[in-house]
Undergrad: 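This is the structure I want to talk about, given as structure tokens.
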Number of protein chains: 2
Amino acid sequence: MSRDSRLSGVLHVLLHMAEQRRPLTSEALAETMRTNPVVVRRVLAGLRERGYVQSSKGHGGGWTIARDLADVSLRDIYEAIGAPALFAIGHRSEAPGCAVELAVNAVLGASLREAEERLLASFGAVTLADLSTAFHHGLAQRAAGPTTRGHHGH
Amino acid sequence: MSRDSRLSGVLHVLLHMAEQRRPLTSEALAETMRTNPVVVRRVLAGLRERGYVQSSKGHGGGWTIARDLADVSLRDIYEAIGAPALFAIGHRSEAPGCAVELAVNAVLGASLREAEERLLASFGAVTLADLSTAFHHGLAQRAAGPTTRGHHGH
DNA sequence: ATTTCATGCATCAATGATAGTTACATGAGT
DNA sequence: ACTCATGTAACTATCATTGATGCATGAAAT
């Protein structure tokens, strides 16, 4: 539990949802991730607010993807789950009174800000459709099958 | 205490040491950082092992810088303190059995690895001398004084 | 209508890492 | 000897994610 795995987890869940046209319950999704249904609902709640996914109660209820996979980037998902801190390292104090610390914060902060911008940009350049393609491509590699097929059975 | 501030803290301490030719005690260094002397010794222990700083016991003892500031990069310092995790986000499991998670890890991991490489490279491009210069430049800005002076009093 | 299923949400415990503190041993200098 | 300062172990505090439980809400099936 050392690192925040919400982005990784929600992407995992989304790809499973993308593979099934019918709604998937948070219990079913939680099983594939070996976690608790409440954890799944917690992260998906943020996506629901932005309209990326949809949830329905009662029999046959569950979660479905509400947007075209090509229209949602990893950055969109990252922001939907609350844009958690990307870096594990940071400053000692945000408002230092010491001139030395000001200089350290300035230099260190410049590197971190640049790295953050680039990472977010790289998240923005990958869509859920890309992720799905990577998944199917990986499956094809393992099965040593052709990569030109549009639809693979599960 | 949300983020790891060891790198920020140790750089702060190093710049203070660079300003004073005489050894500084961990108690004095801790005061400037508003922390505990043991915390200072803990982070500086890693630098001592690599020969970046030197410590001496007894009267007049304390910590001194043992290398030319221009020869030590921020990346050297980062590695000396144990190369702690840079990112707060990561995978759910490092050895997933699920093909979907494999794909997610591959795509997400690629972005993170690239960002890590770039961040470490940017750390490697900054030396302690650069940091010291940035500090003195900041002081000069505040004092509206010349920047061509070699030595500034403290 | 009642039962069943599934989400929505509040609340609390578990976990793991840094940060902070205390205590004591070691060694250098006066 | 006595004092100063590091070296290190051990413990507590803090904070965020994660996991778990309980209960209310609402939709579908019987």
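Residue numbers start from 1 in every chain, and the chains themselves are labelled A, B, ... in the order their sequence lines are given, proteins ahead of strands.
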Undergrad: Other residues, nucleotides and ligands only: do more than 12 of their heavy atoms fall within 6.0 Å of CD on A/E79?
TA: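 It does: A/E79 CD has more than 12 such atoms within range.
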
Undergrad: Expressed as a whole number of angstroms, how long is the span from A/I81:CD1 to D/dA16:P?
TA: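 One finds 16 Å between P of D/dA16 and CD1 of A/I81, rounded.
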
Undergrad: My understanding is that only one of A/L29, A/V10, A/L24 makes a side chain to side chain contact (heavy atoms under 4.5 Å, CB included) with A/V40; could you say which?
TA: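 Testing each of A/L29, A/V10, A/L24 against A/V40, the sole residue satisfying side chain to side chain contact (heavy atoms under 4.5 Å, CB included) is A/L29.
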
Undergrad: In whole Å, what is the span from the NZ atom of A/K57 to the C1' atom of D/dC23?
TA: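 Checked: the NZ to C1' distance equals 12 Å.
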
Undergrad: Please tell me if A/S26 has a side-chain N or O lying less than 4.0 Å from either OP1 or OP2 of C/dT7.
TA: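 A/S26 to C/dT7 OP1/OP2: side-chain N or O found under 4.0 Å.
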
Undergrad: Tell me: CZ of A/R22 to P of D/dA28, nearest whole Å?
TA: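 My rounded result for the distance is 17 Å.
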
Undergrad: Could A/E117 and A/R113 be called an ion pair, given the rule that one side-chain N must be under 4.0 Å from one carboxylate O?
TA: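 Here A/E117 does not pair with A/R113 in a salt bridge, since their nearest N and O are not under 4.0 Å apart.
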
Undergrad: Using atom CG of A/L7 as one end and atom P of D/dT17 as the other, report the distance to the nearest whole Å.
TA: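 Going from A/L7 (CG) to D/dT17 (P), I get 13 Å.
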
Undergrad: Do the side-chain N or O atoms of A/T25 get closer than 4.0 angstrom to the phosphate oxygens (OP1, OP2) of C/dC5?
TA: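 So the side-chain polar atoms of A/T25 never come under 4.0 Å of the phosphate oxygens OP1 or OP2 of C/dC5.
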
Undergrad: Taking it one step at a time, do B/M17 and B/V53 satisfy side chain to side chain contact (heavy atoms under 4.5 Å, CB included)?
TA: CA-CA 10 Å; B/M17 288 164 63; B/V53 299; 3.9 Å; yes

Undergrad: Using whole Å, what does the distance between atom P of nucleotide C/dA17 and atom CG of B/L86 come to?
TA: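 Nearest whole value for this atom pair: 16 Å.
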
Undergrad: Nearest whole Å is fine: how far is D/dT3 P from B/E27 CD?
TA: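 Computing the B/E27:CD to D/dT3:P distance gives 16 Å.
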
Undergrad: Think A/S5 has a side-chain N or O under 4.0 angstrom from the OP1 or OP2 of D/dT17?
TA: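 Result: no.
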
Undergrad: Please work out whether the ring planes of B/Y78 and B/F123 are parallel, tilted or perpendicular, with thresholds of 30° and 60°.
TA: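 Ring orientation of B/Y78 relative to B/F123: tilted.
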
Undergrad: Check for a donor-acceptor pair, side chain of B/H16 on one end and backbone N or O of B/H12 on the other, with a separation under 3.5 Å.
TA: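 No; zero donor-acceptor contacts below 3.5 Å.
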
Undergrad: Starting at atom CD1 of A/I89, determine the distance to atom P of C/dA19, rounded to an integer number of angstrom.
TA: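 Answer to the nearest Å: 11 Å.
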
Undergrad: Taking for each residue the nucleotide of DNA chain C bearing the nearest heavy atom, is the 5' side occupied by A/L24 or by A/R92?
TA: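 The residue closer to the strand's 5' end, by nearest nucleotide, is A/L24.
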
Undergrad: How do A/R6 and A/H59 order along DNA chain D: which one's closest nucleotide is nearer the 5' end?
TA: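 Its nearest nucleotide lies further toward 5', so the answer is A/R6.
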
Undergrad: Is a side-chain donor or acceptor of A/S132 paired with a backbone partner of A/L128 at a separation under 3.5 angstrom?
TA: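 Judged by distance alone, no pair lies under 3.5 Å.
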
Undergrad: Look at the side chain of B/W63 and decide which nucleotide, out of D/dT6, D/dT3, C/dG8, has an atom nearest to it.
TA: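 Closest nucleotide among those given: D/dT6.
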
Undergrad: Quick one: A/Q54 CD to C/dG8 P, roughly how many Å, whole number?
TA: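 So the CD-P distance, A/Q54 to C/dG8, works out to 11 Å.
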
Undergrad: Where along residues 29-45 of chain B does a heavy atom come under 4.0 Å from DNA chain D, residue by residue in number order?
TA: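 Nucleic-acid contacts, sorted: B/V38, B/R41, B/R42.
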
